[in-house]
Amino acid sequence: MKIFNYIGSLFVAAAVFTTACEPIEDRLELKNSFDPAKIELKVVQPTPGSNKLSLQMVTPGVAGYWDYGIDKKHTDRVEVVYPIPGKHTFTFYVANGYIDGDLSKVKYVSKSIDVQIDKLDHKLPDAYYHLIGKDLKEKTWVFDESDPVGWWYMTDENPKDFWWQPDREDCTDADGEMIFDLKGGANYTYVAGPGIDPVKGTTWSFNGDFSKITFKGDANILGVMGGGESTT
């Protein structure tokens, strides 16, 4: 009788131990349950078609960020003087957060709103006028070959405000051009030299403090060969 109880006790203990060690798996897929239809967006312009915009997400208790083409802001309201005429789509994104710092698990829902800009009636930051010209239509950049120093540099009105300094001996597009405009978008055209077909379809953008300009597309920038995305 004592032996039976001892064996029985071992059996019960083993069963409990086996059950306790079985892993419990939570196979629920992480999803964002927020309904994007509940996100209410609006854009306020002082006059119809103005390039001065107040982008607003007005749904209480919602956090996320605005993506408005030229920048992103993690806030529910953005005040911006937009540089590009035409019809634009701006999007507000809501995230579900992330687990244990794993950004790959972030899921987003989004809501977009279209805005029509017919006129640049509010002054843009100075960087746009330096790049595109005072009339904001188009500006062509070339190398200044008159400088006696052994390199050329891109300049605007002030020779001290140069962008980059390619080596004269290594520069294969010394007679080329770079053309910037805001005709329906932030457009960039590269011409390697006289008689060479222009490379179009590349875009550009400034960062938040206008200390860098980024090119996205196949076009080179003068003195920097290789095409693709580049920043200076």
Side-chain angles (χ1 to χ4, degrees), residues 51-53 66-73 78 80-91 117-232:
N51 71 322
K52 185 176 183 181
L53 311 175
W66 276 102
D67 184 342
Y68 51 102
I70 60 174
D71 204 356
K72 297 177 182 179
K73 296 290 186 183
V78 175
V80 60
V81 177
Y82 205 73
I84 306 171
K87 184 178 180 180
H88 302 278
T89 300
F90 303 138
T91 303
I117 298 175
D118 297 319
K119 51 192 175 183
L120 302 181
D121 57 344
H122 284 73
K123 186 178 184 297
L124 302 178
D126 290 339
Y128 287 99
Y129 299 94
H130 292 321
L131 183 66
I132 310 167
K134 295 178 180 178
D135 59 1
L136 293 176
K137 292 183 178 179
E138 181 178 292
K139 187 169 183 177
T140 299
W141 291 77
V142 297
F143 283 117
D144 180 2
E145 302 183 30
S146 64
D147 194 283
V149 185
W151 42 258
W152 303 327
Y153 53 85
M154 308 303 296
T155 68
D156 195 14
E157 287 79 6
N158 186 350
K160 294 182 180 179
D161 295 335
F162 59 83
W163 291 5
W164 58 87
Q165 303 174 11
D167 190 313
R168 175 179 293 178
E169 294 181 357
D170 295 334
C171 187
T172 61
D173 55 359
D175 297 320
E177 298 178 345
M178 301 190 304
I179 305 169
F180 296 84
D181 69 67
L182 289 174
K183 300 173 183 176
N187 307 302
Y188 169 69
T189 301
Y190 166 78
V191 183
I196 301 176
D197 291 337
V199 180
K200 301 181 178 181
T202 292
T203 61
W204 55 269
S205 62
F206 288 114
N207 64 340
D209 63 0
F210 301 98
S211 61
K212 292 183 179 181
I213 182 172
T214 298
F215 298 83
K216 292 185 178 180
D218 295 329
N220 296 316
I221 56 179
L222 286 181
V224 182
M225 309 305 291
E229 182 172 331
S230 56
T231 303
T232 184

Inset, instruction - Please work out which of the three classes, parallel, tilted or perpendicular, describes the rings of Phe215 and Phe180, given edges at 30° and 60°. - result: tilted
[X] side, atom [atom1]; [Y] side, atom [atom2] - distance, nearest 0.5 Å:
{"X": "Ile179", "Y": "Trp141", "atom1": "CD1", "atom2": "CH2", "value": "13.5 Å"}
{"X": "Lys139", "Y": "Leu131", "atom1": "NZ", "atom2": "CG", "value": "7.5 Å"}
{"X": "Leu182", "Y": "Asn187", "atom1": "CG", "atom2": "CG", "value": "7.5 Å"}

Legend entry - Over 12 non-hydrogen atoms of neighbours within 6.0 angstrom of NZ in Lys119: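 Yes, enclosed.
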Inset, instruction - If a pair satisfies salt bridge (Lys or Arg N to Asp or Glu O under 4.0 Å) and one of its residues is in residues 181-196, list it, with sequence neighbours excluded. - result: Glu138-Lys183
For the backbone of [Y] and the side chain of [X], can you confirm whether one donor and one acceptor N or O come within less than 3.5 Å of each other?
{"X": "Asp197", "Y": "Val199", "value": "no"}
{"X": "Trp204", "Y": "Lys216", "value": "no"}
{"X": "Thr202", "Y": "Asp218", "value": "yes"}
{"X": "Tyr188", "Y": "Met178", "value": "no"}

Considering all heavy atoms of both residues, which atom of [X] and which atom of [Y] are nearest to each other, and what is their separation?
{"X": "Asp135", "Y": "Ile132", "result": "OD1-O, 4.3 Å"}
{"X": "Leu222", "Y": "Glu177", "result": "CD2-N, 3.8 Å"}
{"X": "Lys73", "Y": "Val78", "result": "CB-CG2, 3.6 Å"}
{"X": "Val81", "Y": "Lys123", "result": "CG1-O, 3.5 Å"}

With a 4.5 Å limit on heavy-atom distance, are the side chains of [X] and [Y] in contact?
{"X": "Tyr129", "Y": "Leu124", "value": "yes"}
{"X": "Val80", "Y": "Tyr68", "value": "yes"}
{"X": "Ile70", "Y": "Ser205", "value": "no"}
{"X": "Phe210", "Y": "Asp126", "value": "no"}
{"X": "Tyr190", "Y": "Asp173", "value": "yes"}

Inset, instruction - From the options Lys87, His88, Lys52, select the one residue that forms a side chain to side chain contact (heavy atoms under 4.5 Å, CB included) with Ile117. - result: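 Checked Lys87, His88, Lys52 against Ile117; only one passes side chain to side chain contact (heavy atoms under 4.5 Å, CB included): His88.
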Inset, instruction - Please identify each residue that fulfils side chain to side chain contact (heavy atoms under 4.5 Å, CB included) with Leu120, with sequence neighbours left out. - result: Asn51, Pro85, Leu136
Inset, instruction - List for me each residue that meets side chain to side chain contact (heavy atoms under 4.5 Å, CB included) alongside Ile196, sequence neighbours excluded, and say none if there are none. - result: Ala192
